[in-house]
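Below is one structure, written out as structure tokens; the observations come after it.
Here is the naming used below: chain letters follow the sequence lines, and residue numbers restart at 1 for every chain.
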Amino acid sequence: MAKNLPKTYNPKDFEDRLYSFWNEGGYFRAEVDEAKEPYTIMMPPPNVTGELHMGHALNNTIQDILIRWKRMEGYEALWQPGTDHASISTEARVVEKLKGEGRSKDELGREAFIEEAWEWTRKYGGRINNQLKKLGVSCDWSREKFTLDEGLSNAVEEVFIRLYEKDLIYRGDRIINWCPNCRTAISDAEVEHEESMGHIWHIRYPIKGEDDYVTIATTRPETILGDLAIAVNPEDSRYYDLIGKTAILPLLNREIPIIADEYVEMEFGTGAVKITPSHDPNDFDIGHRHGLDQCLILNEDATINENGGVYNGLDRYEARKKIVEDLKKEDYLVDIKEHENSIGHCERCKTVAEPLISKQWFVRMADLAKPALEAYYKNELNFVPGRFGRVYAHWLENIRDWCISRQLWWGHRLPVYYCRDCDEVMVSREEPDRCTKCDSSDIYQDPDTLDTWFSSALWPFSTLGWPEDTEDIRYFFPTDVLVTGYDIIFFWVVRMVFSSIEQMGEIPFKDVFLTGLIKDSQGRKMSKSLGNGIDPLEVIDEYGADALRFTLVTGNTPGNDMRFYMERVEANRNFANKLWNATRFVLMNLDEELLRNDLGALKEEDRWILSRMNTVIKEATENLDRYEIGMAAQKVYEFIWEEYCDWYIEMVKPRLYGEDIESKGTAVNVLLHVLENILKLLHPFMPFITEEIWQHLPKRKEALMVSDWPVYSEDSYYPQVEKQMAYIMEAIKGIRNARQKMNIAPSRKAPLLCVTQDRGVREVLDYGRSYFINLSNASEITILEDKSAIGDDNLSVVLDKCEIFIPLRDLIDYDKEIDRLEKEKEKLEGEIKRVRGKLSNENFVNKAPKDVVDGEREKEKKYMDMMNRVVERLEGLRAK
RNA sequence: GGGCGAUUAGCUCAGUUGGCAGAGCGCCACGUUGACAUCGUGGAGGCCAUUGGUUCAAGUCCAAUAUCGCCCACCA
């Protein structure tokens, strides 16, 4: 029996040691075991080069709580870890690093660059995992995966080919979002729209052969370089006679047709729109309808290209400025107005993205979205909180094709080959020797890589060995719950769902638990640029992982953002300290020879704490079942601090210090038994301290983390005892209150004279003697049926069916006592008024459930009874 | 232009099916009893944003309003 717990709680002494103990002991491992039910969570793979932030800390804590709980419940619990290659982000960082060394991606060449990226990955890749370990995550590291692993890459290739063969992937010229900084196409989901005040320019275009103009409005004047038409609404009487005529593009003097298209809103702007098919999705469609050509005016870096005439080579914003100046100079500029519009930025680098035409690869979404929506509408896919289901559905209902090709090198290269001679497109696992169409041997592979999310979308099954038919897949898939931030519903959740349905024939998880964002104490988003981020590792270093974890999952509700306060971490560290010291107390009183297998003859307080524990087990488990993690944690917290520490330990002390060995033995065994269950209940939330304590307990088996989750038992439910104990506590609080109001020193013991005519109360008071003596500084307890012998020179505590007198005549300040009783009276008057108000309402009496009405009647009786005593006392005191 | 969330004690937030408003921190008073001052005991502090509705009964359900925040959207 290892007894000596150090005097103060110092998490640093054991957190790392315990993590190794668990990990090396194989407790995190999950294996196919047909005798057990599987429970599976796929960890959202963090970026391989990322660092742990509060968001990671939050959702990994939640996952760890769920997985530890289910593991203890007897499930074969798999928590699959791994990292994501994060193509665009990693590539950008490697490019940056090269730049610092005076090197560039282009001069290095593809192969050498990828080697650099692998180098980078090897250097920083382990970092985030080590950081996660500090948090206590119990995932199965032996199964760790990386999205660029061979197996996962096979899965990516397989899916690409399958989708291509089903015509769900196609290549085409479409308007995509181009990031001039990252130099790649990005998907719609990767564009962040930001509202800002800008300008709208009204520009007039001369009509060919007439002394007339048509005025258009634009927010991007530089795009006039790519104008190929002017469009008006066919119904617009103002422009009837212009339709079919030709306008002259200012500055470039290009001739462009004036066309009619219903897309144009007559009310907006001037009712005439310039059409730039290569730089706007709507214009692209209009161009398509009217057989217009394309005219791309931007280079990869968003400088103007050779189509821009004299503006060739200028940056897009310089060109804008110059063009506006020139338009003004030549009198084409009619007006400039303030205009609010939303501008798309690259989600990663915040550069303004340009919509432009480009030949890219796309996933055809319409057919894939359908079953993903159905799964939601059929309630197969359940969101926590539910409102996010509507966000998911709304996005899928309005989904557009997904641009998946990226002009990057770090990632999964498209399994696509082209023939240089006949331009044949070949999609295959291996590079073909010859063109399947013209038999040429001049073949090259598409240089592009896939959107990172294309591989993450397969995570729930690619990590289990798919496309091989593995035991793991049959056993662990589909998974049980996905835990992630609401900000990646579109990027990831949606894509995993439709990918799983398409490849596996079923949804990848039943529940989606969405966490909110962690903000700083002023409610601002934590960000690197603001420098207001709080490093979870620093918090762990100062207060321990348990305190951080507890802070992250309490005091807020799923899906809501939360502000992070160090004071809360400190409070939770104090809670850990409380438990630590309660354990020290138990261990200190624990004699080897007192330990028994049964608890012995239970006293009332024993039954009370066992009953309360039993209830907490039930409620906390139910809360966890409903993903009400914060509420479960709160209940365990309150049980430990208020009921176990503040009441039970105090109640039991006399027995521990007393002569009755039998009674002492029972107390010790109950203390230990309850403590063991407390550790189990708290373990998912605070794994380190609970395991550390567990390792110091006698009778322990192996590790707490693989012990059994406590189960509610009807046999340990003692409602009557709970009620009686509540009565005693009420009395003790009343006595303490009265004494404190009189400023009576705790050292001053006083006898209690309890007057009651009620037999039940009498019994309760009788067995409560030791509680009063120890918890309310009583010297002795006398129970009387009649108070006639008791004078007015006492303090008195009025209870339901009972009045307790404390004869301390020399210490009583009668004015204060009258004040105290007056307040009591006021309170009772309020209650009586409320209860009577209800009871005098016929509708209430007739329509409310009987037990509610009876309850109110009881209360009325009780309050009246107490009121009478208080009034009597007051009269007595005033008469003095 | 749509959609969503928040509004409860000085601060940050809970409040699960409608049935007497809670916690942590902070504040006030007292306390060195052999688990713990990272503590104990007692206390003060709330028209549950506003207005209407449903109901015997509303912080909780419904409808508007206001303020703050977020998401989505191809009106140049």
Side-chain angles (χ1 to χ4, degrees), chain A residues 5 7-9 175 193 200 216-220 223 231 263-265 267-276 280-285 339 341-342 355 385 387-388 390-391 394-395 398 400 486-487 489-490 516-517 521 523 543 551 554-557 559-565 567-568 570-589 619 622-623 626 628 630-631 634 637-638 645-646 649-650 653 657 733 736-741 743-747 774-775 777 830-831 834-835 838 841-849 851-853 855-856 859:
Chain A
L5 217 45
K7 181 154 182 166
T8 46
Y9 163 65
I175 299 284
H193 290 274
I200 187 162
I216 58 87
T218 180
T219 53
R220 292 186 294 158
T223 61
Y263 159 76
V264 181
E265 302 255 346
E267 291 74 29
F268 193 90
T270 62
V273 192
K274 63 194 263 324
I275 301 299
T276 321
D280 182 283
N282 298 310
D283 293 9
F284 179 86
D285 292 342
H339 182 74
N341 63 342
S342 79
R387 63 183 135 92
F388 287 110
R390 291 200 294 277
V391 176
H394 181 258
W395 201 72
N398 297 285
R400 301 165 73 190
Y486 63 70
D487 50 334
I489 293 175
F490 308 137
L517 267 35
S521 59
Y543 295 102
T551 303
T554 50
N556 81 328
T557 235
N560 283 3
D561 296 348
M562 91 183 289
R563 296 190 194 200
F564 192 88
Y565 276 85
E567 288 85 346
R568 292 194 52 230
E570 196 182 333
N572 289 321
R573 189 272 319 264
N574 293 353
F575 167 59
N577 182 64
K578 184 77 184 177
L579 175 63
W580 186 265
N581 280 292
T583 305
R584 286 183 58 234
F585 175 80
V586 173
L587 293 180
M588 180 176 293
N589 287 287
E619 292 182 354
E622 283 170 358
N623 285 134
R626 292 194 292 261
E628 291 160 356
M631 211 170 290
Q634 192 62 35
Y637 176 100
E638 280 165 11
C645 293
D646 289 351
I649 285 183
E650 295 305 327
K653 274 179 181 174
Y657 304 143
K733 281 187 202 167
R736 284 169 173 175
N737 182 332
R739 288 179 59 115
Q740 200 125 8
K741 279 267 155 69
N743 273 324
I744 297 164
S747 55
N774 289 283
L775 303 180
N777 296 296
E831 294 294 336
R834 191 187 56 78
V835 172
K838 273 192 166 182
N841 181 346
E842 264 183 53
N843 282 323
F844 172 73
V845 178
N846 294 334
K847 292 188 183 173
D851 55 327
V852 173
V853 177
E856 294 298 322
K859 280 180 205 160

Hey, is the main chain of Asn556(A) close enough, under 3.5 Å, to the side chain of Asn560(A) for a donor-acceptor pair? no
Measure from NZ or CZ of Lys653(A) to the centre of the six-membered ring of Phe585(A) and say whether it is under 6.0 Å with the direction within 45° of the ring axis. yes
Roughly, in whole Å, what's the span from CZ in Arg400(A) to P in rC74(B)? 6 Å
Rounded to the nearest Å, what distance is computed from the NZ atom of residue Lys733(A) to the C1' atom of nucleotide rG43(B)? 13 Å
Identify whether any heavy atom of Lys859(A) sits under 4.0 Å from a base atom; if not, whether one sits that close to sugar-phosphate; answer base, sugar-phosphate or nothing. base
Given rC20(B), rA14(B), rU38(B), identify the nucleotide with an atom nearest to the side chain of Glu831(A). rC20(B)
Which nucleotide in the set rA76(B), rC36(B), rC71(B) lies at the smallest distance from any side-chain heavy atom of Phe490(A)? rC71(B)
How close or far is atom C1' of rC56(B) from atom CG of Asn843(A), stated in whole angstroms? 5 Å
Taken to the nearest whole Å, CZ/Arg390(A) to P/rC4(B) is 6 Å
Measure distances between side-chain N and O atoms of Arg563(A) and base N and O atoms of rU12(B), and say whether any donor-acceptor pair falls under 3.5 Å. no
Selection from rG19(B), rC4(B), rA14(B) that lies nearest to any side-chain heavy atom of Thr557(A): rA14(B)
Round to the nearest Å and state the distance from Phe585(A) atom CZ to rA35(B) atom P. 5 Å
Is there a donor and acceptor pair, one atom on the side chain of Glu856(A) and one on the base of rA57(B), closer than 3.5 Å? no
Return the nearest nucleotide to the side chain of Ala848(A); candidates are rG19(B), rA73(B), rC75(B). rG19(B)
Compare the minimum distances between each of rA76(B), rC56(B), rA35(B) and the side chain of Pro849(A), then state the nucleotide with the smallest one. rC56(B)
Separation of Arg736(A) atom CZ from rG31(B) atom P, in whole Å? 17 Å
Closest approach to the side chain of Arg626(A), judged atom by atom: which nucleotide of rA76(B), rU16(B), rC36(B) is it? rU16(B)
Assuming nearest nucleotide by heavy-atom distance, tell me which of Lys741(A) and Met562(A) is located more 5' along RNA chain B. Met562(A)
Let's see if you can work this out: which of rC13(B), rA76(B), rG15(B) has an atom nearest to the side-chain heavy atoms of Met631(A)? rG15(B)
Touch check for Arg834(A), heavy atoms < 4.0 angstrom, all strands: base, sugar-phosphate only, or nothing? base
Among rU12(B), rC74(B), rC70(B), which nucleotide has an atom closest to any side-chain atom of Pro281(A)? rC74(B)
Nucleotide rC4(B), atom P - distance to CG of Asp561(A) in whole Å: 17 Å
Distance-only donor-acceptor test (3.5 Å): side chain Asn282(A), base rC74(B): yes
Rounded to whole Å, NE2 of His339(A) lies from C1' of rC75(B) at a distance of 8 Å
